[in-house]
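Nothing here was measured: the structure is a model prediction, and the numbers come from that model.
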Amino acid sequence: VDQYGRVWEGRSGGLDLPVIGAHALGFNARTFGISMIGTFTDVAPPAATTEAVAQMIAWKMRLSGITDPQGVTQLTTGSAGTRFAEGSVQNLPRVMGHRDVNYTSCPGDTAYPIVPLIRNRVGALQAASPVGPGVPSTLSRST
């Protein structure tokens, strides 16, 4: 998601399909990742960016039948090099930052505290649309 809130598909063919991404070493299966383009160590992401992230998460969760973004899910670590032993089962928030599972500063020191706000916004978007949020209007498919 860029600074203007435009959403770009990063893994061709996977937007509405169950493609296994390469976004979170050891936790790629049964998850999806969204990148915010920028470095958010000292400057917070723009509001348009975080809103688009929340919209994408709400939409993708609804596609997957997940209606509680505040919830926790169990994931099994699929490889070494993460914060957890390979093969261990972890209880993790459904909406989290990359640093929650890997040794990284991502999504940045100014973006990480926004993750709970994004989680709340996802819940509000889902509550406002009983049939589920539509595809964000800022979506751009790669070719």
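Closest of all the heavy-atom pairs between Ser88 and Gln90 is OG-NE2, 2.8 Å. Contact record, Met36 with Ala111: CE-CB, 3.6 Å, taken as the closest heavy-atom pair. When all heavy atoms of Leu25 and Ser79 are compared, the pair lying nearest together is CD1-OG, 3.3 Å. The two residues Ala54 and Arg121 have their closest heavy-atom pair at CB-CG, 3.5 Å. When every heavy atom of Val95 is checked against every heavy atom of Met61, the shortest pair comes out as CG2-CE, 3.7 Å. Here the shortest heavy-atom pairing between Gly5 and Ala52 reads O-CB, 3.2 Å.
Side-chain contact check for Thr67 versus Arg62: some heavy-atom pair is nearer than 4.5 Å. The side-chain heavy atoms of Val101 and Thr82, taken from C-beta on, include no pair separated by under 4.5 Å. Within the 4.5 Å cutoff, the side chain of Phe84 has no heavy atoms near those of the Thr76 side chain. Ile114 has its side chain out of reach of Phe40: every pair of non-hydrogen atoms, C-beta onward, lies at least 4.5 Å apart. Between Pro69 and Ile57 there is no side-chain heavy-atom pair separated by less than 4.5 Å. The shortest side-chain heavy-atom distance between Phe27 and Thr77 falls under the 4.5 Å cut-off.
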Checking side chain to side chain contact (heavy atoms under 4.5 Å, CB included) for the pair Tyr4/Ile37: CA distance, chi angles, key distance, verdict? CA-CA 10 Å; Tyr4 305 108; Ile37 300 171; over 6 Å; no
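Residues Leu92 and Val115 fall into different hydrophobic clusters, defined by Ile, Leu, Val, Met, Phe, Trp and Tyr side chains chained together at heavy-atom separations under 4.5 Å. Hydrophobic clustering, with ILVMFWY side chains joined whenever heavy atoms are under 4.5 angstrom apart, groups Leu117 together with Met56. Both Val1 and Leu63 belong to a single network of hydrophobic side chains, linked directly or stepwise wherever heavy atoms of I, L, V, M, F, W or Y lie under 4.5 Å apart. Follow the hydrophobic side-chain contacts under 4.5 Å out from Tyr112 and you reach Ile34 in the same cluster. Ile118 and Phe32 fall within the same hydrophobic cluster, where Ile, Leu, Val, Met, Phe, Trp and Tyr residues are linked whenever their side-chain heavy atoms come under 4.5 Å apart, directly or through other members.
In this structure, Arg30 contributes its side chain and Gln74 its backbone to a donor-acceptor pair below 3.5 Å. Although no hydrogens or angles enter the test, the distance criterion places a donor-acceptor pair under 3.5 Å between the side chain of Arg99 and the main chain of Ser105. Side chain of Asn91 to main chain of Val72: no donor-acceptor pair is present (N/O by atom type, distance under 3.5 Å, no hydrogens or angles).
Side-chain contact, Thr31 with His23: a donor N or O sits under 3.5 Å from an acceptor N or O.
From Lys60, atom NZ reaches atom CD1 of Ile66 across 10.5 Å, with rounding to the nearest 0.5 Å.
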